[in-house]
Amino acid sequence: QLQLVESGGGLVQPGGSLRLSCAASGFTLDSYAIGWFRQAPGKEREGVSCISRRGGSRNYADSVKGRFTISRDNAKNTVYLQMNNLKPEDTANYYCAARFVACSGDVGSYTGWGQGTQVTVSS
């Protein structure tokens, strides 16, 4: 089984920053691409970013390009999402999940979903 745990969410004002973490306990992530996803109330889950298993390839949704940065430290079994210049429309529950080797735009192809961490951007 593959299980990930998200952390780092919180309440922040527009323009603020947060860094989310996605960690695995009892598993190694070096064979997996890791994606970040978010889901706002009443909306479908959408892809935010993804990083390949070695970190050489990084993908971002158009809505977050230039503001979010994904990174990973396989030695720490952790993937990060640095979120800068946050906007109210970024408010959502953020999830991470794994896919063998490579990223994909197909949300359903990921596994090991965590419980999510809430990000609220409000003044």
Side-chain angles (χ1 to χ4, degrees):
Q1 292 185 304
L2 179 62
Q3 181 65 57
L4 304 174
V5 178
E6 305 92 342
S7 63
L11 175 64
V12 64
Q13 294 186 348
S17 298
L18 287 171
R19 185 170 75 162
L20 307 184
S21 297
C22 173
S25 297
F27 299 89
T28 58
L29 296 180
D30 58 2
S31 293
Y32 297 90
I34 302 296
W36 282 99
F37 305 83
R38 65 188 182 187
Q39 187 167 21
K43 295 186 176 181
E44 295 292 314
R45 186 169 298 185
E46 64 175 343
V48 175
S49 184
C50 186
I51 187 167
S52 61
R53 66 187 181 107
R54 293 184 175 90
S57 181
R58 304 172 189 179
N59 300 325
Y60 300 93
D62 288 342
S63 60
V64 306
K65 286 181 179 178
R67 299 189 297 120
F68 291 11
T69 302
I70 191 169
S71 62
R72 70 189 300 161
D73 186 342
N74 285 345
K76 295 182 178 179
N77 228 21
T78 303
V79 173
Y80 305 96
L81 184 68
Q82 178 67 46
M83 305 185 296
N84 297 327
N85 192 25
L86 284 161
K87 303 176 180 180
E89 51 263 43
D90 295 318
T91 296
N93 232 317
Y94 282 71
Y95 303 85
C96 62
R99 189 177 189 274
F100 186 63
V101 179
C103 295
S104 172
D106 180 10
V107 176
S109 68
Y110 290 77
T111 189
W113 297 90
Q115 82 290 339
T117 185
Q118 179 67 37
V119 172
T120 302
V121 184
S122 176
S123 60

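What you see is a predicted model, and the numbers here were worked out from it, not measured in a lab.
- When all heavy atoms of Thr91 and Gln118 are compared, the closest pair comes out as CG2-NE2, 4.0 Å.
- More than 12 heavy atoms of other shown residues, nucleotides or ligands fall within 6.0 angstrom of atom CD in Glu89.
- Shortest non-hydrogen contact noted between Ser52 and Gly56 is OG-N, 3.2 Å.
- Applying the side-chain hydrogen bond (donor to acceptor under 3.5 Å, both in side chains) test to every pair with at least one member in residues 103-117, sequence neighbours left out, gives these pairs: Arg99-Ser109.
- Judged by the 6.0 Å distance and 45° axis criteria, Arg19 is positioned over the aromatic ring of Tyr80.
- In the hydrophobic clustering of this structure, Trp36 groups with Val12; members are Ile, Leu, Val, Met, Phe, Trp, Tyr whose side-chain heavy atoms approach within less than 4.5 Å, directly or through other members.
- Formation of a donor-acceptor pair under 3.5 Å by the Asn74 side chain with backbone atoms of Leu29 is not found in this model.
- The closest side-chain heavy-atom distance from Leu4 to Val79 is not below 4.5 Å.
- Heavy-atom minimum distance, Ser123 versus Pro14: N-CD, 3.7 Å.
- Using a distance-only test at 3.5 Å, with no hydrogens or angles considered, no donor-acceptor pair links the side chain of Asp73 to the main chain of Thr78.
- Put simply, Ile34 and Tyr60 are part of the same group of oily side chains (I, L, V, M, F, W, Y) that touch within less than 4.5 Å, one to the next.
- Every residue two or more places apart in sequence or in another chain was checked for a ring pair (Phe, Tyr, Trp, His ring centres under 6.0 Å) with Tyr94, and none qualifies.
- Checked options Leu18, Ile51, Ile70, Thr69; the residue passing with Leu81 is Ile70 (criterion: side chain to side chain contact (heavy atoms under 4.5 Å, CB included)).
- Pairs passing the side-chain hydrogen bond (donor to acceptor under 3.5 Å, both in side chains) check and including a residue from residues 4-18, sequence neighbours excluded, read Ser17-Asn84.
- Taken together through direct or relayed side-chain contacts under 4.5 Å among Ile, Leu, Val, Met, Phe, Trp and Tyr, Val48 and Val107 form parts of separate hydrophobic clusters.
- Listed by first and then second residue, the salt bridge (charged side-chain N to carboxylate O under 4.0 Å, His left out) pairs that reach into residues 32-43 are Arg38-Glu46, Arg38-Asp90, sequence neighbours excluded.
- Using modelled atom types, no side-chain atom of Arg72 and backbone atom of Gly55 make a donor-acceptor pair closer than 3.5 Å.
- Taking every heavy atom of both residues into account, Met83 and Val119 meet most closely at CE-CG2, 3.8 Å.
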Q.
Is there a side chain to side chain contact (heavy atoms under 4.5 Å, CB included) between Asn93 and Phe37? Walk through the geometry before answering.
A. CA-CA 8 Å; Asn93 232 317; Phe37 305 83; over 6 Å; no
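- Shown here are the salt bridge (Lys or Arg N to Asp or Glu O under 4.0 Å) partners of Asp62, two or more places apart in sequence or in another chain: Lys65.
- Across all their heavy atoms, Arg53 and Asp30 have their closest contact at CB-O, 3.5 Å.
- For the pair Phe68 and Leu86, the minimum side-chain heavy-atom distance is below 4.5 Å.
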(Q) Does Phe100 form a side chain to side chain contact (heavy atoms under 4.5 Å, CB included) with Tyr32? I'd like the steps, not just the answer. (A) CA-CA 5 Å; Phe100 186 63; Tyr32 297 90; 4.2 Å; yes
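- Annotation: disulfide (SG to SG under 2.5 Å) contacts involving residues 18-81, sequence neighbours excluded, comprise Cys22-Cys96, Cys50-Cys103.
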